[in-house]
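Working notes, beginning with the structure itself.
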Amino acid sequence: MKYKTQFNQRKALRFRQFTRKGYALFACLGRVVTIGVLSVATLRAAAVTTPDTLSVVGATVVGDSVANSPDKEATLDDVEVTGSRAPLALGQAARMVTVLTREDIQAAPVQSINDLLKMAVGVDVRQRGPIGAQTDIGIRGSTQEQITILLNGINICDPQTGHNAFDLPCDVSDIVRIEVLEGPAARVYGTSSLVGAINIVSLPSSFSKEKGSKAQARIEGGSFGYLSAAGRLQFAPPFEGFGRGSLSASFTRSDGYQRSKAGALNSDYCGGKAFYQGAYESEQVHLNWHVGLSTKGFGSNTFYSAKYDEQYEKTTKVFTALQGEVSAGAWHFRPAIYWNRSYDRFELIRGDESKVPFNHHRTDVFGINLNSYFDWVAGRTAFGAEFRNEDIVSGNLGEPLNNPHRHYKYGLNRSNLSFHMEHNILLKRFTLSAGFVAVKNTWNEMSFTLYPGIDASFRLGEHWKVYASYNSSLRMPSFTELYYSVGGHKADKYLKPEEMRAVEGGVKYSSRWLTAQACIFHHHASNMIDWVLDTREADPVWQSVNHTKVNTLGQEVTINGLLAFGSWQLAYCHLHQQKQEADYLQSQYSLEYLRHKVTTQLTLRLGSILSPLTTNLSPLTLTLGYRWQDRMGQYTTIDGEVMDYHPYSVVDARLAWTKDTYSIYMEGNNLTGHRYVDYGNVPQPGCWITGGMKLFL
């Protein structure tokens, strides 16, 4: 970059991306500086700033103000978080959003995004297989069906089942950040976001037309025959207006950590991903798009039935989306169109369908939405609409097809139409965001229903913020919950949509060296869907039912701190659910929840400890993570014995040597080797050791 001396200019400089170099440049500019991208996270991985705080030439930026520096000004308008329909700066947002940064992702001792989310204290990650083979992820006591998973703001939830919702097409190296919104989010993300949403952001943080290419490669291996290789290439097409795009691919395999009683592999894994994204920008139009593929096959040992320990599943998913933003004065229009296709083949007896036929499913989801907003004297107003069509053809889900073909004899099609409106009042210390979403679904002749919400926050001085919210939401039943009536299961196609109303209040403290947040929330849910087993019956089966009411009271506390040679984080979440259920009913999902969860993480720059006066970041870092969980609920063993879930703890570590062109690292998961059970009859692996190398070209 070339710098030219300029004087008496009032135009603001805008920095959209930072490296780890010092910020002394700001002191000599004599200009208004707009800070564009901050490192915001609950999981600290390096020398970073706290969520609302950034050190700028001896001054402290807190929200929208600068302390101890009257001649400097910093605005945070480019730091957008997805906690509302209208884009708001981090300092303005009324609702708290947990953001895991790129640095957090790269430094954590994990092999998948699923593992990374285990350290988010409000997120419940129930892993059935390693390396993200199949993971059920919930938020604040929810099931995997009750949250929305998004890729760059596009809903990628599979209406067939939430078990495979995290079959992401992008590699870890593609991901810029992960946003976790806890609590009902219908007016922000529409249906499915009953208890929250997780947004995976892979798009680059700034638009660049820089010529040439950048590449990186990764290879790692470890316990249980684990091997993973990935590559990513960034390039700028030689066409006017097109920005830098990227193409990535990865392959992962493992023999698994256990075998069936017959001695065959039953927890093995093999899969690959491919992902392309690009962008175009003119003075008034900005477009971005992605195309992705995810395919994997994995041993499902006893995932769905304790009686069969050689189950197998293969999934393939295709993701496409085109998004845009058009500006016309004070108006901003954000249209999007997407299509996702999913294939799923489940084998109850691996490789043999002579006794039990394989289950085949194909799901197509098409959606189009328009979100718009404008600024005026009373604040920022957003409104829009979305149409989403969900279609499935299957071997056992849905109604009989008029023209059955191949493996598909049944099918179902439903459409969802929604309208939303939101208004934001943005004052210096006060933000109020209120709105609603109106939803109509063709399934079960659902009429238009309104779900309102309101969020408010007030900043007390430079370091404190208090906030409160009320939100409501809904979720439509999945196709599996409506029609899966095989293999010891009996579904109810007349299930009602789940509904939830929630209130939350909290306080947040931010300074240069410490960030702390505490909140209390109450969820009132009706018609909650679950699979239950009536133990009074001689030959009981799992039935999908609507629970009348489920009330959840919870508290969360998170503290992040910076050290001279690293950072630390401590968090705790407590839940208590009251529900109307009989003692003889055994739950598969919603009656099982994490009553207690504690997470802590410590990141040390080892070279800085030995030489604390050094001005450079140490290339050698050590990350230690600890997690303790206590789950409510029971499960039935293969011998028919009812067992309680027991508390367990896990210790993870990562040691890395990182330079400009390469990184060498070693990771250890579950170092104590504890063989805990987090889901039914699926024991988790003991100690898992991996090592690898990354190259940056």
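These numbers come from a predicted model, not from an experiment. Throughout, numbering of the chain's residues begins at 1 and tracks the sequence.
Ring orientation note: the planes of Phe374 and Phe383 are nearly perpendicular, at an angle over 60° on the 30°/60° scale. Ring geometry, His405 versus Tyr408: the interplanar angle exceeds 60°, so the pair is classed perpendicular (tilted spans 30 to 60°). Using a 30° and 60° split on the angle between ring planes, Phe242 and Tyr280 fall in the perpendicular class, above 60°.
Here His290 and Phe275 bring their ring centres to under 6.0 angstrom of each other. In summary, the aromatic rings of Phe346 and Tyr304 are positioned with their centroids under 6.0 Å apart. Taking the ring centroids of Trp339 and Phe366, they lie at or beyond the 6.0 Å cut-off.
Gln277 is not listed as a side-chain neighbour of Ser248, based on a closest heavy-atom distance of 4.5 Å or more.
Contacts of Lys493 classified as salt bridge (charged side-chain N to carboxylate O under 4.0 Å, His left out), with partners at least two apart in sequence or in another chain: Glu399. Taking Glu498 as the reference, Gln146, Arg475 meet the side-chain hydrogen bond (donor to acceptor under 3.5 Å, both in side chains) condition, with sequence neighbours excluded. Remark: Asn441 pairs with Asn416 by the side-chain hydrogen bond (donor to acceptor under 3.5 Å, both in side chains) rule, at least two apart or across chains. Looking at residues two or more places apart in sequence or on another chain, you find a side-chain hydrogen bond (donor to acceptor under 3.5 Å, both in side chains) between Ser415 and Asn389. In this structure Gln543 satisfies the side-chain hydrogen bond (donor to acceptor under 3.5 Å, both in side chains) test with no other residue, sequence neighbours excluded. Every residue two or more places apart in sequence or in another chain was checked for a salt bridge (charged side-chain N to carboxylate O under 4.0 Å, His left out) with Arg501, and none qualifies.
A donor-acceptor distance shorter than 3.5 angstrom exists from the side chain of Ser485 to the backbone of Ala491, with no hydrogens or angles considered. The closest donor-acceptor contact from the side chain of Ser282 to the backbone of Val285 lies under 3.5 Å. When atom types are taken as modelled, the side chain of His524 and the backbone of Asn551 share no donor-acceptor pair closer than 3.5 angstrom. Formation of a donor-acceptor pair under 3.5 Å by the Ser473 side chain with backbone atoms of Ser193 is found in this model.
Under 3.5 Å, the side chains of Arg341 and Tyr343 contain a donor-acceptor pair of N or O atoms. For the residue pair Asn152 and Gln323, no side-chain donor N or O sits within less than 3.5 Å of a side-chain acceptor on the partner. For Ser433 and Asn424, the side-chain atoms include at least one donor-acceptor pair closer than 3.5 Å.
The number of heavy-atom neighbours closer than 6.0 Å to NZ of Lys314, taken from other residues, nucleotides and ligands shown, is above 12.
Between Lys118 and Asp678 there is no salt bridge, since no side-chain N of the basic residue sits under 4.0 Å from a carboxylate O of the acidic one.
Both tests hold for Arg140 against Phe521: distance to the six-membered ring centre under 6.0 Å, angle to the ring axis within 45°.
Between His361 atom NE2 and Gln160 atom CD the span is 4.5 Å, to the nearest 0.5 Å.
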### Query
What do the steps show when you test Phe166 against Ile149 for side-chain contact (heavy atoms from CB on, under 4.5 Å), and what is the final call?
CA-CA 8 Å; Phe166 258 80; Ile149 309 299; 3.2 Å; yes
### Query
Could you go step by step and tell me if Asp124 and Arg631 meet the salt bridge (Lys or Arg N to Asp or Glu O under 4.0 Å) rule?
CA-CA 10 Å; Asp124 182 7; Arg631 183 178 302 281; 2.8 Å; yes
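A side chain to side chain donor-acceptor pair (under 3.5 Å) with Tyr679 holds for exactly one of Arg126, Gln127, Arg128; it is Arg128.
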